[in-house]
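Letters A, B, ... mirror the listed sequences (proteins, then strands); counts begin at 1. All of these numbers come straight from a predicted model, not from anything done at the bench.
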Protein chains: 2
Amino acid sequence: MSPRLPNPRLKAQVFAALGDETRLQLVVRLSDGRQHSIAQLTADSALTRQAVTKHLLVLKRAKIVQSRRSGRQSLFELNPQPLNELQQYLVQVSQHWDEALNRLRLFVESES
Amino acid sequence: MSPRLPNPRLKAQVFAALGDETRLQLVVRLSDGRQHSIAQLTADSALTRQAVTKHLLVLKRAKIVQSRRSGRQSLFELNPQPLNELQQYLVQVSQHWDEALNRLRLFVESES
DNA sequence: CAATTGAGCAACCTCCTGGTTGCATATTAG
DNA sequence: CTAATATGCAACCAGGAGGTTGCTCAATTG
């Protein structure tokens, strides 16, 4: 009864992308549904523009974020799909744990 | 209308703990609801016992896993609570994005 | 009791991450 | 046209992550 789960490497990549405070805050920031330039996202950060850029690229590699160039600025927006998939993944693991525990409980009871 | 979200640093820590393929597989393994010794968890891994131990400690620091000593072995079991909290967190971010986008859509329509 | 097994601890190594500075380039504003 | 702005790219650096080996010790097993 092992859980039917998607490629752990890909999931781990998305988890890792969210596993940094700065990047997590960027995601929250971008959850306003709008597009933001790198300069905007850097404005209230203690980091340099280049550091923020690197973080955005990590998010982009994990497909959590998309970007397009507009004039001299490049605009980033959130893509919630990977987040939803991750959420589903966590539900599955948690459910599997729940069901397994119930089976164990039944088994113990049938022993006594 | 910024999202009401818990401490991002703590959440990032949990995400980071799951952001490694080996650790994610350990979590899946432990989602069978049973307790496993380090030796058991090492058995089907290409890594050394010491490496697996380190990964387990990372999971423990994030409270995803608990351990107790039993004789000469130390037994690890899953604690699903942080996973559930993370799941809720993702729901919130996703919802916030959704609502924000709806508001933007309404605004655009009211302009035309 | 002797041998085996399970685990902890420490030192060490390599590579990646997260950050910086510096410079070049394209676009927009005055 | 010139100045200012937004970004890209590269080199560099320190520290942490992930892994190993080696050794010791406690608990089981025969």
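- One interatomic measurement links the two molecules: CD of B:Gln35 to P of C:dA7, which rounds to 13 Å at whole-angstrom precision.
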Next on the checklist: Before you tell me yes or no, could you show the steps for A:Leu24 and B:Tyr89 under side chain to side chain contact (heavy atoms under 4.5 Å, CB included), namely the whole-Å CA-CA distance, both residues' side-chain angles and the distance that decides it to 0.1 Å?
Outcome noted: CA-CA 11 Å; A:Leu24 199 48; B:Tyr89 185 84; 3.6 Å; yes

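- With hydrogens and angles ignored, no donor-acceptor pair closer than 3.5 Å exists between the side chain of A:Arg23 and the base of C:dG18.
- Side chain of A:Arg69, nearest nucleotide from C:dG18, D:dG8, D:dT21: D:dG8.
- Considering only side-chain N and O atoms, A:His55 lies under 4.0 angstrom from the phosphate OP1 or OP2 of C:dG19.
- Here A:Thr48 reaches the OP1 or OP2 of C:dT20: one of its side-chain N or O atoms lies under 4.0 Å away.
- In this entry the distance linking CG of B:Leu26 with C1' of D:dG18 reads 13 Å, nearest Å.
- Taking atom CG of A:Asp20 as the reference point, atom P of D:dG16 lies 14 Å away to the nearest angstrom.
- Spacing between atom CD1 of A:Ile38 and atom C1' of D:dT5 amounts to 13 Å, rounded to whole angstrom units.
- Ranking D:dG19, C:dT21, C:dG19 by closeness to the B:Thr22 side chain, first place goes to D:dG19.
- Between the side chain of B:Gln40 and the base of C:dG6, no donor-acceptor pair of N or O atoms lies under 3.5 Å.
- Between B:Asp32 and the options B:Gln35, B:His36, B:Arg29, a side chain to side chain donor-acceptor pair (under 3.5 Å) holds for only B:His36.
- Both A:Gly71 and A:Ala46 sit near DNA chain C, but only A:Ala46 has its closest nucleotide nearer the 5' end.
- For the pair A:Lys54 and A:Phe76, nearest-nucleotide mapping onto DNA chain D gives the more 5' position to A:Phe76.
- Going from atom CZ of B:Arg68 over to atom P of C:dG6 covers 16 Å, rounded to whole Å.
- The CZ-C1' distance, from A:Arg49 to D:dT5, rounds to 10 Å in whole Å.
- In this structure, CG on B:Leu41 lies 9.5 Å from CG on B:Leu75, to the nearest 0.5 angstrom.
- The base of D:dT7 is not paired with the side chain of A:Arg72 by any donor and acceptor separated by under 3.5 Å.
- Taken from CG in A:Leu86 to CD in B:Gln87, the straight-line distance is 10.5 Å, to the nearest 0.5 Å.
- In this structure, A:Glu85 pairs ionically with A:Lys11, as a charged nitrogen and a carboxylate oxygen lie closer than 4.0 Å.
- Between B:Leu47 atom CG and D:dT21 atom C1' the separation is 15 Å, expressed in whole Å.
- Backbone-only engagement by B:Ala39 is indicated by non-hydrogen atom pairs under 4.0 Å involving sugar-phosphate atoms exclusively.
- Counting distance only, with no hydrogens placed and no angle test, the side-chain atoms of A:Gln50 and the base atoms of C:dG22 include a donor-acceptor pair under 3.5 Å.
- The 5' end of DNA chain C is approached more closely, in terms of each residue's nearest nucleotide, by A:Arg61 than by the other of A:Ala51 and A:Arg61.
- The nearest whole Å value for the distance from the CG atom in A:Leu75 to the P atom in D:dG8 is 11 Å.
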